[in-house]
Each structure stands twice: as C-alpha cells, then as structure tokens.
Amino acid sequence: MSADARASLISTIKFRSPGTVIGRFVAKRTGKGAAFWAVLFGVFVAAKSVGFATAYPTMASRAKIATSFGQNIGLNALFGLPRHIETVTGFTVWNTLAGMMIIGAIWGLLLATRTLRGEEDNGRWELLLAGQTTARRAAVNVLAGLAASLLVLYTVTTLTFILIGSIHKVDFGAGPALFFALAAVSGAAEFIAVGALTSQLMPTRSRAASLAAIIFGASFLLRAVGNTTSAHWLLNLSPLGWIDKLQPLYNPQPIWLIPIAIMVMSCAGVTIFLAGRRDLGASLFADKSSAEARTLLLNNPLAAALRLTRSKMLSWLIAIGLVATFFGLLTKSAAQAFGSSATAQHEFRRLTHATQILGSDTFLGIVFFLLMALMMAYAASAIGAVREEEAEGYLDNLLVRPVRRSRWLCGRILLVMGTIMAAGLLASVGIWIGVATQHAGVSFHVLFLASANAAVPAVLTLGVGVLALGFMPRLTTVIAYGVIAWSFLIELVSSGINLNHWLLDTYILHHMALAPAANADWATNLILVVVALVLCGIGIVRFNNRDLEAE
C-alpha cells in the first residue's frame, strides 16, 4: 500500500464519523469539569457521612441531634424536610443532597448557555455550521456532548459513593449508591436542559443565563416554601422539589424520576426544534433592530459603565434583598428551635465561633454566611465582566480617546465596591423587615454591622480579581471564582476532617466571624480590606503598563 493510500485510510478511520465531531468536541471540552465536580461531590459526602458517624456514635446522641435539626425551619428551607436523620444515611442525604443539587444546577445552566448561545455570540457557531451539518443536527450534537459530560459526572460520582458506602461507619450498598448518585446529578441534568432551551429563546448568552437563573430561583423558592409551610404540595411543582422526593438511601421513590425525565426530554426536544427554525444569531425574543438614541450617562467612562452594568447590578441587589427578607421571616421560628436545643447550640457554636449562643443571632449568622457567598459571587462576576470588555475589544473604543487606563479601571472598581456596600445595606434592611414583622427582637444597628462584616470577603475577592486582571487577564474569572470555590471546598471538608491550620488560613471565610452570632472582628476586617486595596493597587499599576489582551 502506498504512503498516500495509508494516509487516506488513517484519515478515514480517524474521522470515521464526521456527523458526530461537534458532539465529541463538546464532550471532550466539558468532561474534565464534570469529573472535577464529581470528585468534589464525593469529598463532600465523605466528609459529612464520616463526620456524622464519628461525632455521634450512639443512637441516643443521633436522636438528640435529629430532634434539634428537625425542628429548625431555617434549615428545612435550605436542606429540605428532615427524614430519618437519626441514621447515617438519612443525615447524609439531608445534609448533602441539597448542596449537590444546587451546585449541579448552577453549573449546568452556565455550561449549557456558554456552549450554545455563548459560542453563537462569539461567532464560532458559524464556523461549525459551515461544515456538512445543519443547525438542528448541530444542536443535537451539542446536547449529545453535554449528555456525555453528564454521564461522566454520574459515573465518577457513583464510583465515589460506592467507595464511601463501603466504609464500615457509613455502610450502604452499591445499589443505593447508584440511586443516590442519580439524585445528586439530577439538578445538573434539569438545568442543562433549561439552559439549552433559554439559549434558543434569548438573543445573548447573558440573557439566556439570566432567564435560566430566574427559573432556578423560582424552583428554589417553591421548594423552600413547600418545605417550611403546610403547603407541601408546592414540592410537586418544583423541579428541585422532585429531587427531594427521590429520598435516596433510606426510602427510594424512583417514580419521581418520571417528571425529571419528562422535563429534560421536553426541553431538549423544544431546543432542537427551535434551533432548526431560527436563523443564526436570531432568537424567539429578539432585540429590536433599531431604537431611539438615548445618550443619558454617556458623558464619561464611569457613567457609561453604570449604564452598561445597571441591569446586572439591579438583578443582584434584588436577589440579595429577596433572600434576606425571606430568611428574616424565618428568624423567630428558628430562634425558638435554637433556644430549646443544647445540641443545636453546640453544633452552631463550632461554625460561628460564638461564645454565647442566642437563637435569633445564631440563625442570622448563618443567613449572613449565605449572603457573604452571594456578594462574593457578585464581585467575581463583576470583575469577570471587566475582563470581558477588554477581551471583546470594547475597551479599545474608550482608550483611543483621552481616557487613562488607570482612571477607567479605578472607576469600575469603585462601581463594584459601591454595589457591594449597597447589597450589604439592602440585606440588613430586608432582614430587619422580616424580623420586625415576627417581633424577633433584633435591632437594625446590629444587622447593619453584620452586613458590613459580610461585605469584607466580597471586597477581598474583588482585590484578588483585579490582581489577576493585571497579571493573568485570561484567568481573571477563573481565579476570582476560584477564591469562592476554594473557600467553600475547605469549609465543607473541614466539617468532617481535621485540617492543618496553615491550610485553613488560605481561605477567606476562616478569618470571618459570623456576626451577629459572634462579635465581628473589626481589626481582622480592617486588615483584609487593606490587603484588598493593596491587591487592587498592584493590579491597577500592572494593568496600566501591560498590553491589552484579547480572548
């Protein structure tokens, strides 16, 4: 056989299925991320299950902790209705399934919108459609690639759960582990499908992700209300509530896989249908092709940045305000549960570092912990948007005018910091409204100080992001979100494993007192803010002296 013939044969074998090249590309690109989250799920479940079995070795101690946690409405809103939490398997499911479900859902909707609408916005979809395929076939391929990543997520999660179940203290078999893993990845499956559908409905990736996030928020709210009131039927209307009803490990209810499967297949089917019906770049809810000129807030770079980012800022502020008000309404009932349970006080003393536990203050400490995470996420998202302006070439249009780089970046930093401060103030107002209606006896002054304390990690996250923007701009978003991921990874692992104090010192939340459950450490807060400002200063100087870098 000649060399040319051998080369042709090798080429034919290598590309023997050109119709699936897009699907294989998507699977290869997203599979590593799926494997990472699967390992993280395994570490999370191992820490919680082994930690519970070790800390509460007797049935008496487990019954006491079950009574304490089972009566707490605030925890029910987060984790779901407690069922059989006096057992290792029941407590493991209750304490971990909600977290895996929420993380998986957020990962899924971001992944789907980036892979579909994001690639279309960037012009890469046009290159794929120039080949021997159609828009509908390409959509099928992308969904198949995402399904392959889901399979990786499920396979690795299952293997880790089987290993965890083989531990003597935990003790559940391979069959229950398979079903538990299926429940754990169901949130990702649901919102990959939702993200794929919104990518066909909305004209940009950000709007598609926002719509998917709204659907996620509505599902979470329905689930929270169903778990904390007598209206348990609301769980039947929430995709996240269906996952709760699967009840893996202790009382499996596989019938609830039916609505999950119907939802996923319906969203996928409509996605494929719409992909074949619309033009490239079009959407069901399209932007207007023309509009009346509006020049308000275009007189300087800072005002223009405010105009361009106002929708995202308002969305974050509204979300934080609603979350704060919702948990403020639960404060009184949660306080009663804490006040009547010494075991619950002991557990939350470990988390909040408080010396004296008061019911309302302890619960609000946990609420502000969640708000810290939301504000950190906003800071990471905002610095990512700053990097995107540079990556997409939008910044060039400003810098060709008499606008200094440092002035532009300082303006954006001040805008983000102002939003963080506004979010803290809005959170304190929302919680105060909630606790005032319940006569929980918490003053606005206390809540205001707690909100100022909660804003510090977000400021430090912003500082790290600005530093990354200066030295490693292409990794800005990854590093900013990495600060959050690392903090919560260490927090999750440290709940069941004793970690070295040097490792604990590397994550932000370890240095934070969860006010008002504990007195805020203002000296530490001042140090962290100064560190954040120094990082911002270094990042600004470096940004001012380096070349602009496109994506």
Side-chain angles (χ1 to χ4, degrees), residues 11-34 104-105 107-154 185-216 239 257-289:
S11 177
T12 303
I13 294 173
K14 185 176 180 180
F15 300 103
R16 59 186 177 275
S17 183
T20 63
V21 66
I22 297 176
R24 288 185 278 117
F25 171 74
V26 171
K28 183 178 180 180
R29 187 179 183 186
T30 60
K32 293 180 181 178
W107 172 74
L109 69 89
L110 292 177
L111 179 68
T113 53
R114 184 189 70 191
T115 307
L116 284 161
R117 178 56 68 171
E119 294 297 303
E120 191 168 344
D121 288 347
N122 291 332
R124 300 188 184 102
W125 197 248
E126 185 175 356
L127 297 176
L128 295 175
L129 294 183
Q132 297 180 358
T133 188
T134 64
R136 186 164 292 171
R137 290 176 185 171
V140 171
N141 264 264
V142 171
L143 291 177
L146 294 176
S149 291
L150 265 179
L151 182 61
V152 171
L153 179 67
Y154 175 68
V185 304
S186 292
E190 289 177 340
F191 282 89
I192 281 178
V194 170
L197 177 57
T198 58
S199 295
Q200 309 303 316
L201 300 178
M202 306 306 290
T204 64
R205 190 238 170 154
S206 61
R207 294 190 185 183
S210 298
L211 179 57
I214 290 172
I215 296 172
F216 169 77
L257 289 173
I258 296 176
I260 294 174
I262 291 175
M263 173 187 173
V264 171
M265 290 188 293
S266 298
C267 289
V270 175
T271 296
I272 295 169
F273 174 76
L274 292 178
R277 296 270 300 180
R278 65 180 180 85
D279 292 331
L280 186 66
S283 61
L284 188 63
F285 301 103
D287 282 335
K288 294 180 180 179
S289 58

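Heavy atoms only: backbone and side chains are in, while hydrogens, waters and symmetry mates are out. These figures come from a predicted structure and were not determined experimentally. One-based numbering along the sequence shown.
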Which heavy-atom pair separates [X] from [Y] by the least distance, and what is that distance?
| X | Y | value |
| --- | --- | --- |
| Ala188 | Leu150 | CB-CD2, 4.0 Å |
| Ala196 | Ala112 | N-CB, 3.6 Å |
| Thr113 | Gly195 | CG2-O, 3.6 Å |
| Gly31 | Ser149 | N-OG, 3.5 Å |

Name all residues meeting the salt bridge (charged side-chain N to carboxylate O under 4.0 Å, His left out) criterion together with Arg29; count only those two or more places apart in sequence or in a different chain, and write none if there are none.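 By the salt bridge (charged side-chain N to carboxylate O under 4.0 Å, His left out) rule, Arg29 matches Glu119.
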Is there a side-chain contact between [X] and [Y] (heavy atoms, below 4.5 Å)?
| X | Y | answer |
| --- | --- | --- |
| Arg277 | Arg136 | yes |
| Phe25 | Asn141 | no |
| Leu153 | Trp107 | yes |
| Thr115 | Val26 | yes |

Distance-only, no hydrogens or angles: does the Arg117 side chain make a donor-acceptor pair with backbone N or O of Met202 under 3.5 Å?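 Such a contact is found between Arg117 side chain and Met202 backbone.
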Applying side-chain contact (heavy atoms from CB on, under 4.5 Å) to Ile215 and Phe191, what does each step give before you reach the verdict? CA-CA 9 Å; Ile215 296 172; Phe191 282 89; 4.2 Å; yes
What distance do Leu111 atom CG and Thr30 atom OG1 have between them, rounded to the nearest 0.5 Å?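 Spacing of CG (Leu111) from OG1 (Thr30) equals 5.5 Å.
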Identify all side-chain donor-acceptor contacts of residues 263-274 below 3.5 Å with residues at least two apart in sequence or on another chain.
{"unit_1": "Ser266", "atom_1": "OG", "unit_2": "Ile262", "atom_2": "O", "d": "2.7"}
{"unit_1": "Thr271", "atom_1": "OG1", "unit_2": "Leu197", "atom_2": "N", "d": "3.3"}
{"unit_1": "Thr271", "atom_1": "OG1", "unit_2": "Cys267", "atom_2": "O", "d": "2.7"}

Walk me through it: do Arg137 and Val142 pass the test side-chain contact (heavy atoms from CB on, under 4.5 Å)? CA-CA 9 Å; Arg137 290 176 185 171; Val142 171; over 6 Å; no
